[in-house]
Amino acid sequence: MQNSRYYPFERNRYFYGKLLTVRDFEAEQNYVMDKRRLMNRLLFGSGIITGLKVDKIDFHTISIQSGAALDNLGREIIVPAPITTRLSLIDGFAQNDSNRELYLCLAYSERGREPVHTLERNNESIGDLSEHNRVQEVYQLILKDNPAEFEQYGTMQLKEQRVNFYQDERVKMFMKGPKYAQAGIPFDLHIYVVKTNAEAQVILDCKLEMDGVQLQSGSDRLTYNDSGNTTRKEYRIDSQFIARQNGNQAVIRIVDATIRVDGQAISIREEIKFPIEVIEQPDQKIWQDYSERSLEDALDDRPAMICLAKISLIRSRSTYSIDQVDPVPFRDYVRNTSDLYRLGLLAGTNESEDQSGVQASTTPLPTFEPDAPAIDPCADEDEISLLLRQQPASEQNTQQVRSGVIELSLSGSKTHNVLFSKGENAVSEEIEHGLGAGSVYLTVGLWEEEAGKIFAGNQDVFDHTPYESSLPQVKLGTVQYPEKGTFRIGAKVFVPSGPATLRIQWWAVKAVEV
């Protein structure tokens, strides 16, 4: 597409006696389409609107549900009927015959319909030719092998940054972390080793040096060494830091780096720096950067296709079998705010019960001044609370927060903080959260101490990924006693393995009107 920005807009001006040509009729169509597509890009973004679920049928075949999507150029993509196809028949499979991880993408396409005869082109008689009378908007399925095309783009660049420190045709290594940090608040830095060929032998050994931050968890000596026999193409090394003082420019550097790829020593001459700006309120800075973007910056150059699934393969010489299908790995969705509102997933309805008998939310929508940030209906609790703190003082709530760590025994012994333990269930003693009487918002997470991670929610969503938990499968819950200002934590273990004692982090949040 020659004009991916669509503007400036031009439309036909009609007058009596005007000679209309092909150019004029095309301008009429383009004026309407380009305006609609530009608004799609700016108001809705790109992603799956509905459907398009990808499932594994057998070792060679997948199915794709009918659905609709918007690509990054604002063009609507419709899959009108379910698809069942062998993976080897999709474009791009032959070019990636050695890769064990492929990304199934959906792209906009067009094709001609209804061939008709024409005898003239550009006012020149050139004989009997055939032209298509219609243009049909269709779709194309493509298999890609490079997730980096989808990872770092658009609005994510406002909060994250990525520093590459080595790349060739076999492997790439880079650091990813936040652009901004707040003094005293931990943040994560990730170092990625991504292999183009899973059999490539890669060795990384380096040391981290820090100015303005200190290491919270992990090691300042980072190593990665594989034999080349693993099918794992991506490896992530995690470290956690705390910034020391607001108003400073913190820097994390890689020094003493040793890199070997397939036995070849790689020399890195340039100093590798990861700068972080330490400021008082990073979220307000991100919101400011977002709202002040220019039109050119808002129309980012992300690939004009939607990633539907990550497909893991088992390769054996010239054959393959599908091992696993992970849907929408980059979480590309377009949300319908009206539907979320009716379903009660977006708080704000005044009706206590709709006609279907489903109980609806009675929480009123927060009110904002004209220049206050809007709430994303898909944001999580932390994001919403941060946005609420950006409201004017007349509309603002302040929050009190308490947190702590308990150890919960699953062995049946009467150890610290255990009321009883029976089979695969355990419940803690009453815990005083320190926020006084009244209801609070409670959330809990499970520590994996060796890796320095806290898992919240369902751990199994990380199975078969580089972030898989070594902890037993545990469901956590809480019960609180508002009159006493206390609560209990309960745990149920589904797989009786792992440590006999769980280390659980808890947070209690209470809103106070000002």
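These figures come from a predicted structure and were not determined experimentally.
Nearest heavy-atom pair, Asp91 versus Leu141, reported as atom, atom and distance to 0.1 Å: CB-O, 3.7 Å. Here the shortest heavy-atom pairing between Pro115 and Ser130 reads CB-OG, 3.6 Å. Minimum heavy-atom separation, Ile77 to Ala107: CD1-C, 3.9 Å. Here the closest heavy-atom approach between residue Leu502 and residue Ala491 is recorded as CD1-CB, 4.2 Å. The shortest heavy-atom contact between Leu89 and Thr85 is CB-OG1, 4.0 Å. Listed here is the closest heavy atom pair of Asp332 and Ile306: CB-CG2, 4.4 Å.
Side chains of Asp71 and Tyr139: a donor-acceptor N/O pair is absent below 3.5 angstrom, by distance only. In summary, the side chains of Asp188 and Gln240 do present a donor paired with an acceptor at a separation below 3.5 Å, with no hydrogens or angles considered. Residues Asp326 and Gln324 have side chains that bring a donor and an acceptor to within less than 3.5 angstrom of each other. Checked by atom type, the side-chain pair Tyr166/Asn164 shows no donor-acceptor distance below 3.5 Å. When only modelled atom types and interatomic distance are considered, Asn40 and Glu76 share a side-chain donor-acceptor pair under 3.5 Å.
Using a 4.0 Å cut-off between a side-chain N of Lys or Arg and a carboxylate O of Asp or Glu, Arg236 and Asp238 qualify as a salt bridge. Salt bridge status for Arg75 with Glu137: absent, with no side-chain N to carboxylate O gap under 4.0 Å. A salt bridge links Asp205 with Arg221: the closest approach of a Lys/Arg side-chain nitrogen to an acidic carboxylate oxygen falls below 4.0 angstrom. Of the charged side-chain nitrogens involved, at least one lies within less than 4.0 Å of a carboxylate oxygen, so that Lys310 and Glu101 count as a salt-bridged pair.
Between the Thr61 side chain and the Ile57 main chain, no donor and acceptor come within less than 3.5 Å of each other. In this structure, the side chain of Ser428 engages the main chain of Ile489 through a donor-acceptor pair within 3.5 Å. Not one N or O on the side chain of Asp323 forms a donor-acceptor pair closer than 3.5 Å with the backbone of Leu313.
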Report task. Take Arg170 and Gln264 through the side chain to side chain donor-acceptor pair (under 3.5 Å) test and state the conclusion after the steps. Result -> CA-CA 12 Å; Arg170 299 161 295 180; Gln264 176 187 359; 3.3 Å; yes

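For Tyr290, the OH atom sits in a loose shell: 12 or fewer heavy atoms of surrounding residues, nucleotides or ligands are nearer than 6.0 Å. Open room surrounds NZ on Lys53; 12 or fewer heavy atoms of other groups in view lie less than 6.0 Å from it.
Put simply, CD1 on Ile454 and CD on Gln505 are 4.5 Å apart, with the number rounded to the nearest 0.5 Å. Atoms CG and CG, from Leu52 and Leu308 in turn, are 5.5 Å apart once rounded to the nearest 0.5 Å. The CG atom of Leu476 sits 8.5 Å away from the CG atom of Leu408 when rounded to the nearest 0.5 Å.
Between Tyr103 and Phe330, the ring center distance clears the sub-6.0 Å criterion. Ring pair Phe455/Trp447: centre-to-centre distance not below 6.0 Å.
Relative to the six-membered ring of Phe9, Lys35 meets both conditions, a distance below 6.0 Å and an angle of at most 45° to the axis. A cation-pi arrangement is found for Arg37 relative to Tyr108, the charged atom lying closer than 6.0 Å to the ring centre and inside a 45° cone about the ring normal.
Classification of the Phe174-Tyr192 ring pair by plane angle, with boundaries at 30° and 60°, yields parallel.
Qualifying ring pair (Phe, Tyr, Trp, His ring centres under 6.0 Å) partners for His60, counting only residues two or more places apart in sequence or in other chains: Tyr320.
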